[in-house]
Amino acid sequence: MMYSQFRYALGTMNKAKRAAVFQATGVEPECCQVPSGVADQPMSEEETIRGAINRAKAALDQLPHCQIGLGLEGGLAFEETFTGQWYLISICAAWDGERLFLGKGLGFPVPQQAVQRIVQEGIALGSVIDEWSGTTGSNQQGGAYGLLTQDRVRRADVFCQAVLAATTPFVSNLYK
């Protein structure tokens, strides 16, 4: 089987996430705006995963002619055992109506000053990145990854990894 044989329902209109699906599968996803059911800025891996699953299931419900619903959610997670550091995480949930798989992209340390603003002001990381970069809509482009790595890694690149990880079980016979 091939990634390109499926029609994908993507639970967002976000350009970077749409590009990630195309980069991973070679297929332009059908996009719809669906709620994540979690905070605008998820603050744990569990909350980020829950948001991705909610989006994947809602997208497939809204676009039932597609075979796989995809939910992509970015969030922050605190790693307390080794680093005591907050990390930006990117999750993809892939749902075909029966089976659910998760994929994770690159985890990336977030500057402490950004986390302090997020917690104190109740804003999303994207707002901080927009301010720091002097742009608007950075989450539709390179995002925090792009700013922090001087565009060596962009948001679509990281979500591409997550999409590949979550969709591979639908493509590879080794998961049957």
Which atoms form the tightest heavy-atom contact between [X] and [Y], and what is the distance?
X: Gly74; Y: Lys17; value: N-NZ, 4.5 Å
X: Ala20; Y: Ala156; value: CB-O, 3.3 Å
X: Leu72; Y: Cys92; value: CD1-SG, 4.0 Å
X: Ala56; Y: Ala93; value: CB-O, 3.5 Å
X: Gly97; Y: Leu60; value: N-CD2, 3.7 Å
X: Met43; Y: Ile118; value: SD-CG2, 4.1 Å

[atom1]/[X]: more than 12 non-hydrogen atoms of other groups inside 6.0 Å:
X: Glu121; atom1: CD; value: yes
X: Asp151; atom1: CG; value: yes
X: Glu28; atom1: CD; value: yes

Test log, rule side-chain contact (heavy atoms from CB on, under 4.5 Å), inputs Lys104 and Ile89: CA-CA 7 Å; Lys104 299 178 182 182; Ile89 58 173; over 6 Å; no

Any donor-acceptor pair under 3.5 Å from [X] side chain to [Y] backbone:
X: Asn14; Y: Asn139; answer: yes
X: Gln140; Y: Ala16; answer: no
X: Ser127; Y: Ile123; answer: no
X: Thr168; Y: Leu164; answer: yes
X: Arg155; Y: Gln141; answer: no
X: Arg7; Y: His65; answer: yes

Atom [atom1] of [X] and atom [atom2] of [Y]: how far apart are they, to the nearest 0.5 Å?
X: Arg50; Y: Glu45; atom1: CZ; atom2: CD; answer: 12.0 Å
X: Leu148; Y: Ile129; atom1: CG; atom2: CD1; answer: 5.0 Å
X: Thr135; Y: Leu147; atom1: OG1; atom2: CG; answer: 8.0 Å
X: Leu70; Y: Thr25; atom1: CG; atom2: OG1; answer: 8.0 Å
X: Ile49; Y: Glu47; atom1: CD1; atom2: CD; answer: 11.0 Å
X: Asp96; Y: Gln67; atom1: CG; atom2: CD; answer: 9.5 Å

Joint cluster assignment, [X] & [Y], ILVMFWY side-chain distance < 4.5 Å:
X: Met13; Y: Val38; answer: no
X: Ile68; Y: Trp95; answer: no
X: Val163; Y: Leu63; answer: no
X: Leu10; Y: Phe6; answer: yes
X: Tyr8; Y: Leu100; answer: no

Verdict with supporting geometry, Asp130 and Ser138, side chain to side chain donor-acceptor pair (under 3.5 Å): CA-CA 6 Å; Asp130 281 353; Ser138 62; 2.6 Å; yes

Residue pair Asn54 / Ser36, side-chain donor-acceptor N/O under 3.5 Å: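 Judged by distance alone, the side chains do not pair up.
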
Any side-chain donor near an acceptor of the partner, Tyr145 and Ser90, under 3.5 Å: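 Present: a donor and an acceptor within the cut-off.
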
From CA spacing to verdict: side-chain contact (heavy atoms from CB on, under 4.5 Å), Leu125, Leu88: CA-CA 9 Å; Leu125 178 60; Leu88 175 58; 3.9 Å; yes

Presence of salt bridge, Glu73 and Arg55, under 4.0 angstrom: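 Judged by the 4.0 Å cut-off on N to carboxylate O distance, Arg55 and Glu73 do form a salt bridge.
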
Val153 side chain near Leu106 side chain, heavy-atom distance below 4.5 Å: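 A side-chain contact under 4.5 Å exists here.
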
Side-chain heavy-atom pair Gln23, Asp157 within 4.5 angstrom cut-off: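 The answer is yes; the side chains approach within 4.5 Å.
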
Remaining members of hydrophobic cluster (4.5 Å side-chain criterion), Tyr175: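 Taking Ile, Leu, Val, Met, Phe, Trp and Tyr as members, Tyr175 stands alone, with no cluster partners.
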
Check against side-chain contact (heavy atoms from CB on, under 4.5 Å), Tyr3 and Val27: CA-CA 8 Å; Tyr3 295 93; Val27 175; over 6 Å; no

Contacts of Thr83 that satisfy side-chain hydrogen bond (donor to acceptor under 3.5 Å, both in side chains) - sequence neighbours left out: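 Thr83 satisfies side-chain hydrogen bond (donor to acceptor under 3.5 Å, both in side chains) with Glu79, Tyr87 once adjacent residues are dropped.
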
